[in-house]
Undergrad: 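One structure follows; several queries about it will come next.
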Amino acid sequence: MEKTEKDLPNLSGLSLLIVDDDPAIVRSLKRVLTGLGADVTGVSSIREARLSLAELLPDAVLADLQLKDGTGLDLLPDYLSQNPDGGFYMITGHGSVGNAVEALRQGARDYFEKPVDPLLLAKRLVTDFTGKQSVRRSSDLLSPYLTFCDPVMNEALMDVVRFASSQEPVLIQGETGTGKELVARALHGLGPRAEAPFVAVNCGAIPETMLEAELFGYEKGAFTGASRQHKGRFEQAHEGTLFLDEIGEMPPSAQVSLLRVLEEGMIHRIGSERGIPIDVRVVAATHRPLEERVEDGLFRQDLLYRLNVLLVQLPPLRERPRDIALLAQHFLANSLRDVGWEGSAPTITSEALTLLENYSWPGNVRELRNIMARLAVRLPEGLQEIKPNLLSPLLTTKNNNVTSCNGGVFIPKDTTLADAEWLLIDNALKESGYNRSKAAKLLGIGERTLRRKLNES
Ligand SMILES: Nc1ncnc2c1ncn2[C@@H]1O[C@H](COP(=O)(O)OP(=O)(O)OP(=O)(O)O)[C@@H](O)[C@H]1O
Ligand SMILES: [Mg+2]
């Protein structure tokens with residue numbers, strides 16, 4: 001008995017997705033491979049497989065060629081782009097060797113003819129995966145920082161783990177709300193400086209006259225009001241990472257000083273001639289392409305070259321539809337937890353997901369998170385499905401962009417009474433940080449009335 005167990009392939013720690021529309025095949029493979037220690041999920045269609053791939057990131061996929069909504073080969077490019085170290089194996093029927101060869105050409109590791117011998121498969125998996133499980137995939141390493149599954153985002157983030165161990169500056173470009181700060185935190189947290197401080201400076205938010213004092217510090221008496229010595233952000237970030245957010249907004253004089261610091265590895269506090277060596281890794285972010293700022297004469301080309309050694313370009317949310325579905329579920333579950341929802345989160349129907357996928361997301365992931373927070377506070381208790389009618393009022397331009405106007409609420413000419421009420425409620429929710437009782441106070445109504453109105457709309 002003992003001997004037999006030793007001879008059997010050991011698949012513990014290996015996650016495997018089987019895609020086959022014949023339930024008998026899935027059942028029998030699952031039984032044997034689970035018995036050998038693998039964590040096996042079985043699905044019967046391409047659609048289900050795509051969802052499972054995003055959720056599970058399995059080490060290996062075993063897919064049938066003929067499925068009711070496509071061929072197993074359709075999954076291969078996405079899977080390998082998400083998981084370049086993964087193993088993709090085809091199941092083929094009699095006489096479909098041509099297709100199997102095509103699969104190999106596209107990157108599949110092997111193919112197995114039906115009926116698949118589970119032990120043969122298990123041995124092949126052991127050969128392919130022994131010793132590799134300890135190599136954590138880059139998407140696993142990034143998952144504490146960012147939630148994503150779309151191949152477009154995978155590609156954009158492909159280099160982040162590698163960049164994390166480098167000491168060169170990184171420039172992160174992407175529209176507002178695409179996750180630039182999260183990437184900066186990942187670069188810090190996954191690198192050798194993780195234990196040292198991460199210091200963020202928003203170059204667009206600090207008055208021009210204060211920025212250099214803020215970055216480089218000053219000596220007592222350096223200028224009127226400098227009543228004592230002050231260490232700047234560079235010194236505060238010693239041995240760690242300095243995140244220069246909205247670098248494109250940096251005024252020209254500070255750009256000159258920053259370039260000098262990057263070249264010399266030293267700062268000078270304002271009011272002092274003494275150079276202080278600094279050991280800081282610089283990560284910069286911008287929501288508009290710096291090349292454009294250079295062309296407009298607002299950003300120094302030499303500083304751009306110095307900062308742009310390693311570039312991470314984050315795609316807007318509208319260009320990564322699979323992330324929309326994943327993030328919507330993720331934020332909805334989080335927001336429901338925040339409002340004390342009991343039981344499991346309602347599922348977002350596929351029609352509702354299509355609605356989300358077709359929206360333009362000018363505010364990117366931040367906007368999606370806010371919309372899910374707004375949705376969560378207005379969900380009737382016990383609801384099981386989110387249908388498009390619950391989402392569409394939150395997605396119109398009217399509700400997203402025009403509600404606030406000079407600190408008040410802008411109500412367009414043709415607004416109905418019901419819509420106007422919703423605009424006021426929506427604004428009160430935003431103003432109160434989505435706190436229902438505060439929003440009710442702002443509106444001059446009781447919380448129960450607000451709850452009822454939210455449930456009605
Ligand atoms: N991939 C992601 N997974 C989870 N949360 C995300 C993701 N991307 C963005 N977010 C969330 O969206 C919000 C905006 O992200 P972040 O601040 O990193 O964006 P940004 O690109 O720096 O935006 P801005 O240009 O406006 O400063 C944050 O609440 C962040 O947690
Ligand atoms: Mg930011």
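The analysis underlying the following values was restricted to heavy atoms, covering all of them including side chains, and did not include hydrogens, waters or symmetry mates. Atoms within a ligand are numbered from 1 in the order they appear, just like the ligands themselves. The structure presented is a predicted model; accordingly, all values stated were derived computationally and were not measured.
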Undergrad: Among residues two or more places apart or on two chains, list those pairs meeting ring pair (Phe, Tyr, Trp, His ring centres under 6.0 Å) that have a residue in residues 150-182.
TA: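 Of all non-adjacent pairs touching residues 150-182, none passes ring pair (Phe, Tyr, Trp, His ring centres under 6.0 Å).
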Undergrad: Under 3.5 Å, is there a donor-acceptor pair between the T347 and Q384 side chains?
TA: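 T347 vs Q384: no donor-acceptor pair found between side chains.
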Undergrad: Under the side-chain contact (heavy atoms from CB on, under 4.5 Å) test against F234, which residue among D279, V280, V201 passes?
TA: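 Only match with F234 under side-chain contact (heavy atoms from CB on, under 4.5 Å): V280.
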Undergrad: Any idea which residues sit under 4.0 Å from ligand 1, heavy-atom distances?
TA: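 Residues near ligand 1: L146, T147, E175, T176, G177, T178, G179, K180, E181, L182, E246, L327, F331, V365, R366, R369.
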Undergrad: If a pair satisfies salt bridge (Lys or Arg N to Asp or Glu O under 4.0 Å) and one of its residues is in residues 336-365, list it, with sequence neighbours excluded.
TA: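 The answer is none; no pair qualifies.
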Undergrad: Can you pull out every salt bridge (Lys or Arg N to Asp or Glu O under 4.0 Å) where at least one residue sits in residues 44-55? Sequence neighbours excluded, please.
TA: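 Every salt bridge (Lys or Arg N to Asp or Glu O under 4.0 Å) pair that includes a residue of residues 44-55, provided the two are not neighbours, is R50-D78.
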Undergrad: Y89 and D128: side-chain donor and acceptor closer than 3.5 Å?
TA: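 Yes, because at least one side-chain N or O of Y89 sits under 3.5 Å from a partner of the opposite role on D128.
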